[in-house]
Amino acid sequence: MGIALITGASEGIGKELAYLFAKDGHDLVLVARNVDQLNRVATEIEERYQRTIHIITQDLSQPDAPRQIRNTCVSLGLQIDYLVNNAGFGLYGPFAEQPLEDLMQMINLNIKALTALTHYFLPDLLASKSGGILNVGSMASFVPGPLMAVYYASKAYTLSFTEALAHELKESGVKVTALCPGPVKTRFAMRAKMHQSRLTEKNALDAFTVAKAGYEGLLSGKPVVVPGAVFRSLLFGTRFLPRNWIASSVMRIQQDRTPLR
Ligand SMILES: NC(=O)c1ccc[n+]([C@@H]2O[C@H](COP(=O)([O-])OP(=O)(O)OC[C@H]3O[C@@H](n4cnc5c(N)ncnc54)[C@H](OP(=O)(O)O)[C@@H]3O)[C@@H](O)[C@H]2O)c1
């Protein structure tokens with residue numbers, strides 16, 4: 001069945017994706033920073049599905065990390081069949097008040113690492129005329145996001161890049177999908193310090209539901225997957241609204257936790 005390399009596999013959506021690939025018979029390369037958590041996930045999956053799991057501990061916000069991951073795979077003789085660029089983080093607050101270093105790390109992880117890993121592993125996928133790439137975007141990919149400006153912009157990049165790549169690779173046998181969920185019940189919101197945003201709880205999906213939608217979308221060759229009917233209809237609505245109005249609405253929703261009426 002081949003090997004799936006999944007970034008951000010120590011918890012949340014990435015961990016659920018790891019289970020889904022393993023259940024279908026794939027061996028895994030799991031990437032994240034927290035080695036203990038990665039080991040826990042690997043042990044659980046090995047016991048449940050008897051797959052071979054490799055762990056690579058890397059901070060993908062470091063510029064050289066994608067190259068080191070590629071080199072590790074080459075030295076272990078691992079040919080990657082599926083690449084899942086899932087690791088990512090957000091940061092809540094006014095742009096002017098956010099530390100530049102944190103914003104640059106977000107760009108390194110959400111944009112640069114995703115691009116570099118895709119570039120490193122694509123040649124093998126093209127040569128095999130099979131497999132695929134799953135890039136995790138967000139509902140944020142579709143709209144401007146005041147109070148999380150850089151995060152939303154980074155996810156807009158993910159969607160645009162992934163859709164373009166899906167077109168370039170249409171006849172190649174390699175599948176390319178952008179998974180664009182709305183709020184998901186993981187530690188993402190807590191890590192992003194979204195204490196004041198209304199987006200954290202309302203209608204959030206669980207990580208398994210989101211991972212499954214992305215996994216099945218990838219296998220069936222969908223270029224874009226938005227899990228959940230509520231979120232698909234919200235997104236459909238944005239097509240008919242001015243961008244300026246959308247930006248004000250996102251700002252209002254992000255701004256305070258007064259219950260929505
Ligand atoms: N949760 C949501 O509401 C939501 C909504 C839309 C889109 N998304 C997207 O979904 C993806 C997964 O998020 P999640 O909700 O599953 O979040 P999560 O529970 O916080 O998991 C994030 C994963 O990424 C890894 N990671 C974070 N920074 C890393 C770095 N510098 N280098 C390597 N690995 C790193 C984390 O592991 P370590 O800490 O061990 O490194 C963890 O495994 C992200 O791209 C996020 O933008 C999330």
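Atoms within each ligand, like the ligands themselves, are counted from 1 in listed order.
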Quiz: residues 69-79 side-chain donor-acceptor pairs under 3.5 angstrom, not counting sequence neighbours:
from, atom 1, to, atom 2, distance (Å)
Thr72, OG1, Gln68, O, 2.8
Ser75, OG, Asn71, O, 3.3
Ser75, OG, Thr72, O, 3.0

Item to complete: May I ask you to decide if Leu219's main-chain N or O and Lys175's side chain share a donor-acceptor pair within less than 3.5 Å?
Response: yes
Item to complete: For residues 208-225, pull every pair meeting salt bridge (charged side-chain N to carboxylate O under 4.0 Å, His left out), keeping only residues two or more places apart or in separate chains.
Response: Lys212-Glu216
Response to the item:
Only one of Val84, Leu117, Leu109 passes side-chain contact (heavy atoms from CB on, under 4.5 Å) with Thr7, and that residue is Leu117
Practice prompt. Please list, chain by chain and in numerical order, all residues satisfying ring pair (Phe, Tyr, Trp, His ring centres under 6.0 Å) with Phe142, sequence neighbours excluded.
Written response: none
Worksheet item: Using a threshold of 4.0 angstrom between heavy atoms of the protein and any atom of ligand 1, which residues qualify?
Response: Gly8, Ala9, Ser10, Glu11, Gly12, Ile13, Ala32, Arg33, Asn34, Gln58, Asp59, Leu60, Ser61, Asn86, Ala87, Gly88, Leu109, Val136, Gly137, Ser138, Tyr151, Lys155, Pro181, Gly182, Pro183, Val184, Thr186, Arg187, Phe188, Arg191
Worksheet entry | Parallel, tilted or perpendicular: rings of Tyr151 and Phe188 (30°, 60°) | tilted
